[in-house]
Amino acid sequence: MLTNVPTWTTDRIELLKSHFEAGLTCREIAASIGVSRNAVIGKLSRLQLTRGPAPAEPRPTKAARERSRKSIPRLQYQVLQAVYENAQPLQEEPIASERRCSLYELSNERCRWPISTPGAEDFCFCGNTPVEGMPYCSGHTRLAYRPGSRQRVARG
DNA sequence: CCCTGATTCGC
DNA sequence: GCGAATCAGG
């Protein structure tokens, strides 16, 4: 295959446009033209053909993202410090959920303890590794079965 | 995990 | 200009 044949011949661009306007997904368009999905998306992008307007705030560049990765915690830290300053030693219980996950990602290997409020934008699950035979990680297993912590929800 | 569209950046 | 890699969102 030496050809200088460009990927995007005029007729392919025709197909691209018509399929796009027909509402086909990029994967479907890609399949029918015989190129990768990314190729289709890339071309559409270059043609300024997108379905929705791009996100209001464009993503910072990869470089910028990595650069600015450091400074946010200060505010959060101050807020948290204020919150905890007057707090009682409730329990020794900040259960760390380092692998919070979405509903889609729940499995037998992820703690199913819900975090935040169902339906809320930040709703997710703990995601920690559960204890053997339990739906929850060790911390949330203890919490789940502690009398009074959740008005005996877990009773028979 | 599956998927989608969108963007970046080396080629 | 191209599109794989990556990101963001469901």
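Source: prediction; values computed, not measured. Here is the naming used below: chain letters follow the sequence lines, and residue numbers restart at 1 for every chain.
Which of C/dA5, B/dT4, B/dC1 sits closest to the side chain of A/Arg37 comes down to B/dT4. Checking B/dC1, C/dT6, C/dG3 against every side-chain atom of A/Tyr104, the shortest atom distance belongs to B/dC1. Side-chain proximity of A/Asn38 to B/dC1, B/dG5, C/dA5: nearest is C/dA5. When distances run from any side-chain atom of A/Trp8 to the nucleotides C/dC2, B/dG5, C/dG10, the shortest one goes to C/dC2. Picking from B/dT7, B/dG5, C/dA5 the nucleotide with the shortest atom distance to the side chain of A/Ser45 gives B/dT7. Of the candidate nucleotides C/dC2, B/dT4, B/dT7, C/dC2 has the atom nearest to the side chain of A/Lys43.
Note that CZ of A/Arg46 and CH2 of A/Trp8 are 8.5 Å apart. Values are rounded to the nearest 0.5 Å. Between A/Glu14 atom CD and A/Ile33 atom CD1 the span is 10.5 Å, to the nearest 0.5 Å. Distance check, rounded to the nearest 0.5 Å: CD1 of A/Ile13 to OG of A/Ser18 gives 12.0 Å.
If you measure from atom CG of A/Leu16 to atom C1' of C/dC2, you get 13 Å, rounded to the nearest angstrom. With rounding to whole Å, A/Arg46 atom CZ is found 5 Å from C/dC2 atom C1'. Following rounding to the nearest Å, A/Ile33 (CD1) and C/dG3 (C1') show an atom-to-atom distance of 14 Å. One can place CZ of A/Arg12 at 18 Å from P of C/dG1, the figure rounded to the nearest angstrom. Per the geometry, CZ belonging to A/Phe20 stands 9 Å off P belonging to B/dG5, to the nearest Å. Protein atom CG of A/Leu103 is 12 Å distant from nucleotide atom C1' of B/dC2, rounded to whole Å. Remark: P of B/dG5 and CD1 of A/Ile41 are 6 Å apart, rounded to the nearest angstrom. Distance A/Leu24 CG to B/dT4 P: 12 Å, rounded to the nearest Å.
No hydrogens or angles considered: nothing links the side chains of A/Ser36 and A/Asn38 as a donor-acceptor pair under 3.5 Å.
Contact check, A/Ser36 against C/dA4: a side-chain N or O comes under 4.0 Å of OP1 or OP2. Taking 4.0 angstrom as the limit, A/Thr7 places a side-chain polar atom (N or O) nearer than this to OP1 or OP2 of C/dG3.
A/His140 and A/Trp113 have parallel rings, their planes meeting at less than 30° on a 0 to 90° scale where 60° marks the start of perpendicular.
Residue contacts for A/Arg27: at a heavy-atom cut-off of 4.0 Å it reaches the sugar-phosphate backbone alone, with no base atom in range.
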